[in-house]
Colleague: 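Before we start, here is the structure in question, set down as structure tokens.
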Amino acid sequence: MIISLNGLDDCGKTTQIKNITKKYGDTWFAYSTIKLSREIECLSPCCFHEWWFNTSKCEEFCDEIYSSIKAGFSNLRNDTILDKGIATFDARVWATLVIKGLSKKDAYELLQKKKKQHGIQILEQERILLVKNERYNYKRNNSDYSPDEVALYQRYQILQKTFLKWLYNIGYFTHKISTSCSIDETTRAIIDSIQWKDKRFSGNSTCIQLEQLKLPKKELQQLDKILNYVRCLFGDDLIALLVGGSISRNQYIQNWSDMDILLLVRYYSFEQNQQLSGFLKQFDIKTGYTIFSEYEVENRLIDAKSLYSIYAYNSGRITSLLYGAVPSSLSISFENLKQKNKMVIPETIHKLKRLLDDGITEQSQKEIFKLTVLVMKVYLIDTYNIIPQSYRSVMELFDYLTGVNTIEANVVTHEYNFSSVKEFSIKVISYVSNQK
């Protein structure tokens, strides 16, 4: 496993690398920083500052950084902790390009272009963001710097923070750890966090009220009717009812999102399934549901989407239990989730290919879009240990990590340019299908 520490200058990355080496050197190999070319490394602090922010041209600067990363990361061991991850370097490059005069959009596009040219890929399975307290002043104490250089460096740090905060908000980092406590306490938190994928989350019985869901009045009334009907239909055989999808994440989009319901029951009955299906046809808002028996739950005979909903609920990522309790025997780890996802991508891509071959119709556009996003989401989970929480985060993470430009993020407000859906889907399928 390759782990990276990320964050602003002086947040404790190098200090933690040294402490981890001291305490866990027999388990983890600490790799500290990259080396720039000799002529750059030999510059005095003031000359280096001048080269970094002023004299180097934008493309030249990017080439220097990313060629050095490529060389430095070419032979990493699998038990390595890096004192700076790719995200930290990206934040520094982006901030520098903005200071050099590029717009934020142009700086990001040049960064992505140069990473692709130099074959830069995210190697870290765990990406930890280290943060200092809110009183951090972004200044570097260096007597060789003039007041103007100090001010420039402060702006540079603030821009870096913007970039890292964006990555954190869309779910790129697997952990965020404060360095405000002691060095040893921070080290312990870093080591403990590494074990998260093997942690098993058991079921619980924390129900919420319908009113706690951020839904329009019409949707709340529909969900209330469904809950009452389900309780009457299954009676004592109903173990739990959970809502999934965008509702559980409080990201429901009216006239776009569907309702997803997961039912755990003691015994599966085809007749009850048919009755529920008929009842749901009266509603304008599409409602999908899945029913699992107690036997299926105990033996993990559950599809990947439903298993994710249960894992997300058990681990506290979503609050979606409307009735009953998830059985404590249904404990799920992140590795269980990844294993279940193995067949989702090939099955979904196969379905997408058939839909695209048939030609996009007005009816199939939404399905093609949602299936494509599902492929992207599962790819991010399987490849980068990332669980995106929204359409926007899926789009932005996939773009950042793969360099594949996707549909503009305003699709999450259902402002679709459907003419681009086919191109978007084909790009994603082509990228994922051709990864070695």
Side-chain angles (χ1 to χ4, degrees), residues 4-14 33-34 36 40 43 45-66 68-69 82-116 118 120 122 124 127-142 144-173 176-180 392-393 395-397 399-401 403 409:
S4 69
L5 304 183
N6 298 271
L8 301 178
D9 293 352
D10 301 323
C11 72
K13 299 184 296 295
T14 303
T33 199
I34 62 168
L36 300 177
I40 303 299
L43 294 174
C46 286
C47 290
F48 182 80
H49 183 281
E50 184 68 14
W51 174 83
W52 188 282
F53 292 110
N54 297 317
T55 60
S56 60
K57 297 186 182 304
C58 291
E59 297 220 4
E60 169 201 344
F61 174 78
C62 291
D63 287 331
E64 178 68 37
I65 299 298
Y66 289 120
S68 300
I69 292 174
L82 304 168
D83 78 333
K84 297 177 189 65
I86 300 296
T88 296
F89 288 108
D90 284 348
R92 292 178 174 184
V93 168
W94 181 81
T96 303
L97 293 176
V98 172
I99 286 175
K100 286 177 176 291
L102 294 187
S103 68
K104 293 178 179 179
K105 182 176 183 291
D106 289 344
Y108 181 77
E109 290 178 352
L110 179 58
L111 172 156
Q112 290 289 66
K113 171 187 170 184
K114 288 300 180 180
K115 284 172 67 178
K116 191 171 184 179
H118 290 280
I120 302 298
I122 306 297
E124 314 108 88
R127 299 164 298 279
I128 299 172
L129 177 64
L130 299 182
V131 293
K132 297 190 78 170
N133 60 47
E134 291 299 319
R135 290 174 292 180
Y136 184 56
N137 62 16
Y138 309 106
K139 292 182 180 179
R140 169 159 282 185
N141 297 320
N142 191 321
D144 294 328
Y145 286 175
S146 69
D148 286 345
E149 288 172 332
V150 170
L152 179 63
Y153 182 80
Q154 188 173 6
R155 183 186 172 210
Y156 167 66
Q157 285 280 75
I158 292 172
L159 284 167
Q160 280 190 71
K161 183 180 180 181
T162 300
F163 192 91
L164 293 172
K165 184 178 180 180
W166 165 66
L167 287 180
Y168 174 75
N169 287 339
I170 63 174
Y172 172 79
F173 295 108
K176 180 180 179 182
I177 296 175
S178 171
T179 59
S180 298
R392 184 182 297 278
S393 62
M395 296 292 183
E396 294 183 3
L397 279 165
D399 179 282
Y400 172 67
L401 292 165

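Values below: every heavy atom of this structure, side chains too, minus hydrogens, waters and symmetry copies.
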Colleague: Side chains of Thr179 and Lys13: donor-acceptor distance under 3.5 Å anywhere?
Modeller: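 Lys13 and Thr179 do not have a side-chain donor-acceptor pair below 3.5 Å.
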Colleague: Test side-chain hydrogen bond (donor to acceptor under 3.5 Å, both in side chains) on Ser56 and Lys100 and set out the steps.
Modeller: CA-CA 9 Å; Ser56 60; Lys100 286 177 176 291; 2.9 Å; yes
Colleague: So, for Cys62 and Val93, which heavy atoms are closest and what is the spacing to 0.1 Å?
Modeller: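 Closest heavy-atom pair between Cys62 and Val93: SG-CG1, 3.8 Å.
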Colleague: In terms of the angle between their ring planes, are Phe163 and Trp166 parallel, tilted or perpendicular, with boundaries placed at 30° and 60°?
Modeller: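 Plane angle over 60°, so perpendicular.
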Colleague: Taking all non-hydrogen atoms of both residues into account, name the closest pair between Tyr66 and Lys114 and its distance.
Modeller: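 Minimum heavy-atom separation between Tyr66 and Lys114: CD1-CB, 3.9 Å.
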Colleague: A side-chain contact here means heavy atoms from C-beta on lying under 4.5 Å apart; do Ile128 and Asn6 qualify?
Modeller: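 No - every pair of side-chain heavy atoms lies 4.5 Å or more apart.
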Colleague: Can you tell me how far CZ of Phe173 sits from CG of Leu167, rounded to the nearest 0.5 angstrom?
Modeller: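 So the CG of Leu167 and the CZ of Phe173 are separated by 5.0 Å.
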Colleague: Does a side-chain heavy-atom distance below 4.5 Å link Tyr172 with Leu164?
Modeller: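 Not touching, per the 4.5 Å side-chain cut-off.
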Colleague: Indicate the atoms forming the closest heavy-atom contact of Ser4 with Glu124, along with that distance.
Modeller: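 The answer is OG-OE1, 2.7 Å.
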Colleague: Can you name the closest pair of heavy atoms from Gln112 and Asp399 and give their distance?
Modeller: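 Reported closest heavy-atom pair: NE2-O, 2.8 Å.
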Colleague: To the nearest 0.5 angstrom, please state how far the CD1 atom of Ile177 sits from the CG atom of Leu130.
Modeller: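 The distance works out to 6.5 Å.
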Colleague: Please report the C-alpha distance between Phe53 and His49 in whole Å, then the side-chain angles of each, then the deciding distance to 0.1 Å, and finally whether the side chain to side chain contact (heavy atoms under 4.5 Å, CB included) criterion is met.
Modeller: CA-CA 6 Å; Phe53 292 110; His49 183 281; 3.7 Å; yes
Colleague: Quick one: sort the Trp51 and Phe61 rings into parallel, tilted or perpendicular, breaks at 30° and 60°.
Modeller: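 Aromatic pair Trp51/Phe61 classed tilted.
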Colleague: Could you check Leu159 against Ile99 for side chain to side chain contact (heavy atoms under 4.5 Å, CB included), going step by step and ending with a plain yes or no?
Modeller: CA-CA 9 Å; Leu159 284 167; Ile99 286 175; 3.8 Å; yes
Colleague: Minimum heavy-atom separation for Cys58 and Leu97, please, with both atom names.
Modeller: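 The pair with the smallest heavy-atom distance is CB-CD2, 3.7 Å.
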Colleague: Quick one: NE2 on His118 to CD1 on Ile69, what's the gap to the nearest 0.5 Å?
Modeller: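 The NE2 atom of His118 sits 9.5 Å away from the CD1 atom of Ile69.
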Colleague: Are Asp90 and Lys115 ion-paired here, with the side-chain N under 4.0 Å from a carboxylate O?
Modeller: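 Salt bridge between Asp90 and Lys115, a charged N being under 4.0 Å from a carboxylate O: yes.
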Colleague: Are the side chains of Tyr156 and Arg92 in touch, meaning some heavy atoms are under 4.5 Å apart?
Modeller: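 Touching, per the 4.5 Å side-chain cut-off.
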Colleague: Which value, rounded to the nearest 0.5 Å, describes the distance between Glu149 atom CD and Asn54 atom CG?
Modeller: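 Between atom CD of Glu149 and atom CG of Asn54 there are 8.5 Å.
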Colleague: Would you compute the distance between atom NZ of Lys165 and atom NZ of Lys176 and round it to the nearest 0.5 angstrom?
Modeller: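 NZ of Lys176 is found 8.5 Å from NZ of Lys165.
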Colleague: Can we say Lys105 and Glu109 salt-bridge, meaning some charged N sits less than 4.0 Å from an Asp/Glu carboxylate O?
Modeller: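 Between Glu109 and Lys105 there is a salt bridge, with a charged N closer than 4.0 Å to a carboxylate O.
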Colleague: Could you check if a side-chain atom of Ile120 sits within less than 4.5 angstrom of a side-chain atom of Phe89, using non-hydrogen atoms only?
Modeller: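 No, their side chains stay 4.5 Å or more apart.
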Colleague: First locate atom CD1 of Ile86, then atom CZ of Arg127, and finally report the distance between them rounded to the nearest 0.5 Å.
Modeller: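 If I round to the nearest 0.5 Å, the distance is 11.0 Å.
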